[in-house]
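As the structure lists them, so they are numbered: ligands from 1, and atoms in each ligand from 1. All values derive from a computational prediction rather than experimental measurement.
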Amino acid sequence: MSELVIEKVWKEYGDQIVLEDVSLTVASRAFVALVGPSGCGKSTFLRMLLGQERPTRGTILLDGQALPQEPGSDRGVVFQRYSVFPHLTVVGNVLLGRELSGSRYKAKLFGAARRDAVDEARRLIGEVGLSGAEGKYPAQLSGGMQQRLALAQALIMKPKVLLLDEPFGALDPGIRAEIHTLMKRLWHETQMTVVMVTHDMREAFTLATRVVAFERKRDRPEEKERYGATITKDISIWPPRLAGAPSIFSPDRDGPVISLGLRRDDPASSPPGEKP
Ligand SMILES: Nc1ncnc2c1ncn2[C@@H]1O[C@H](COP(=O)(O)OP(=O)(O)OP(=O)(O)O)[C@@H](O)[C@H]1O
Ligand SMILES: [Mg+2]
């Protein structure tokens, strides 16, 4: 399970109210895309889910428990850039989380534990399409390859929740389409709940089961600091998957059919060729 419950959350920096009264329940295994104007607090919201920032008011629960005060291995994160460490190889980057969590005193694993971790890292590197690049450094990789590496680095910790802050925003359209296909597969093959910030509506509606928009409801320029953004739209595209439920992505089709307002048990909401 990996349900997130955000209850009446506010975030203020000094006099500036960034977010006001945000309440949102994200079902286990959902894929939520978060959209909204620049500066409305999307990254701030994601940092609160990560545990890097605390809400000024309100609570955030993961599976009924208050979020720990700091980032933990149950929450992985990929940023638009700089998620990977430039001085580590591809394998080193993917192994890092395991090494840091494997030993209390040293960032090293030994013996069988290390062999297992290296096997797992190599498997994930293959999963994200980076086989052959194991010994390379990030500077020797393209932007798309670096983001694939960042995904593998996050996934080795088997996070319950994957947080993505415009992870594909800097990629060329062709590369972006490839990585979308990869992202869908990874999400489908794991139990993760995903929350992804994006500026790209097409990306939001292609990948997500639900699209949530943040906006300042009262946007008076002279009072910008006094009002925060909150949820103004919440659109369900697909219900979240249940454990053992069939894939919402049929193998021969790239992306879910957008069916706003239709329920999964409504035959009209089923993609072609798939039984409801
Ligand atoms: N640590 C901080 N201290 C003070 N103000 C901050 C801090 N972090 C963010 N802010 C402010 O909070 C507001 C929201 O910032 P945030 O980065 O969350 O927006 P965003 O929606 O992610 O924007 P973008 O789409 O441009 O990435 C901005 O006005 C920003 O200046
Ligand atoms: Mg941002």
Side-chain angles (χ1 to χ4, degrees), residues 4-24 26 30-60 62 67-72 75-84 143-144 146-147 150-151 153-154 159 161-173 175-176 179-180 183 192-208 210-235:
L4 281 166
V5 178
I6 294 109
E7 276 179 340
K8 298 192 168 89
V9 160
W10 290 65
K11 181 66 186 176
E12 291 152 55
Y13 290 111
D15 283 346
Q16 184 187 5
I17 303 172
V18 176
L19 293 169
E20 71 173 53
D21 203 19
V22 175
S23 293
L24 179 69
V26 179
F31 193 134
V32 174
L34 212 62
V35 300
S38 186
C40 74
K42 303 179 296 295
S43 296
T44 302
F45 183 72
L46 225 56
R47 286 201 303 275
M48 289 196 288
L49 298 184
L50 185 61
Q52 246 176 19
E53 298 268 359
R54 309 287 303 158
T56 322
R57 280 182 262 171
T59 52
I60 302 178
L62 174 56
L67 270 192
Q69 301 264 348
E70 53 192 41
R75 281 148 294 144
V77 66
V78 175
F79 300 106
Q80 187 175 37
R81 289 207 178 113
Y82 312 120
S83 288
V84 297
Q146 291 191 24
Q147 292 311 78
L151 283 172
Q153 188 186 53
V161 180
L162 182 64
L163 303 167
L164 305 171
D165 198 350
E166 301 191 50
F168 315 128
L171 305 179
D172 295 340
I175 305 289
R176 207 191 277 208
I179 213 164
H180 284 166
M183 190 61 234
M192 291 183 304
T193 300
V194 179
V195 183
M196 175 183 74
V197 170
T198 179
H199 273 116
D200 179 346
M201 283 297 181
R202 193 179 145 74
E203 177 169 89
F205 282 93
T206 302
L207 288 178
R210 181 175 175 190
V211 178
V212 171
F214 279 7
E215 224 171 330
R216 277 194 197 89
K217 282 199 263 191
R218 296 153 296 184
D219 208 355
R220 294 167 57 186
E222 70 278 16
E223 289 185 319
K224 207 144 212 162
E225 313 260 292
R226 300 300 314 143
Y227 300 116
T230 194
I231 294 174
T232 52
K233 290 191 186 69
D234 187 346
I235 302 167

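For the pair Gly39 and ligand 1, a heavy-atom separation below 4.0 Å is found. For the pair Arg47 and ligand 1, a heavy-atom separation below 4.0 Å is found.
Summary of contacts: the protein heavy atom closest to atom 27 (O) of ligand 1 is Glu166 OE2, 3.7 Å. The closest protein non-hydrogen atom to atom 31 (O) of ligand 1 is Gln16 OE1, 4.5 Å. For atom 3 (N) of ligand 1, the closest non-hydrogen atom on the protein side is Tyr13 CD2, 3.4 Å. From the protein, the heavy atom lying nearest to atom 17 (O) of ligand 1 is Ser43 CB, 3.8 Å. With respect to atom 26 (O) of ligand 1, the closest heavy atom belonging to the protein is Ser38 OG, 2.5 Å.
Within 6.0 Å of the CZ atom in Arg54, the count of heavy atoms belonging to other residues, nucleotides or ligands exceeds 12. For CZ of Arg47, the number of neighbouring non-hydrogen atoms (other residues, nucleotides, ligands) closer than 6.0 Å is greater than 12.
Between the OG1 atom of Thr193 and the CG atom of Leu162 there is a distance of 10.0 Å, given to the nearest 0.5 Å. Here the straight-line distance linking atom CD1 of Ile60 with atom CG of Leu4 works out to 8.0 Å at 0.5 Å rounding. Note that CD of Gln52 and CG of Leu163 are 10.0 Å apart. Values are rounded to the nearest 0.5 Å. With values rounded to the nearest 0.5 angstrom, Leu50 atom CG is found 6.0 Å from Phe79 atom CZ. Between the NZ atom of Lys217 and the OG1 atom of Thr232 there is a distance of 8.0 Å, given to the nearest 0.5 Å.
For ligand 1, the atoms sitting less than 4.0 Å from at least one non-hydrogen atom of His199 are 25 (O), numbered in the order shown with element in parentheses. Annotation for ligand 1: atoms under 4.0 Å from non-hydrogen atoms of Gly41 are 14 (C), 16 (P), 18 (O), 19 (O), 20 (P), 21 (O).
Within a 4.0 Å radius of atom 6 (C) of ligand 1, the protein contributes one or more non-hydrogen atoms.
Contact annotation: for Thr44 versus ligand 1, heavy atoms closer than 4.0 Å belong to both the backbone and the side chain.
The Mg ion (ligand 2) lies at 2.8 Å or more from every N, O or S atom belonging to Ser38.
Checked against a 3.5 angstrom limit, the closest N/O atoms of Cys40 and ligand 1 fall inside it.
Proximity annotation for atom 25 (O) of ligand 1: of Lys42, Met48, Glu12, Lys11, Lys42 comes nearest, heavy atoms only. Evaluated by nearest non-hydrogen atom to atom 12 (O) of ligand 1, the leading choice among Val197, Leu46, Val18 is Val18.
A donor-acceptor pair shorter than 3.5 Å can be found between the side chains of Ser43 and Asp165. With 3.5 Å as the limit, one finds a donor-acceptor pair spanning the side chains of Thr59 and Glu7.
Under a 4.0 Å N-O distance rule, the pair Arg57/Glu12 qualifies as a salt bridge.
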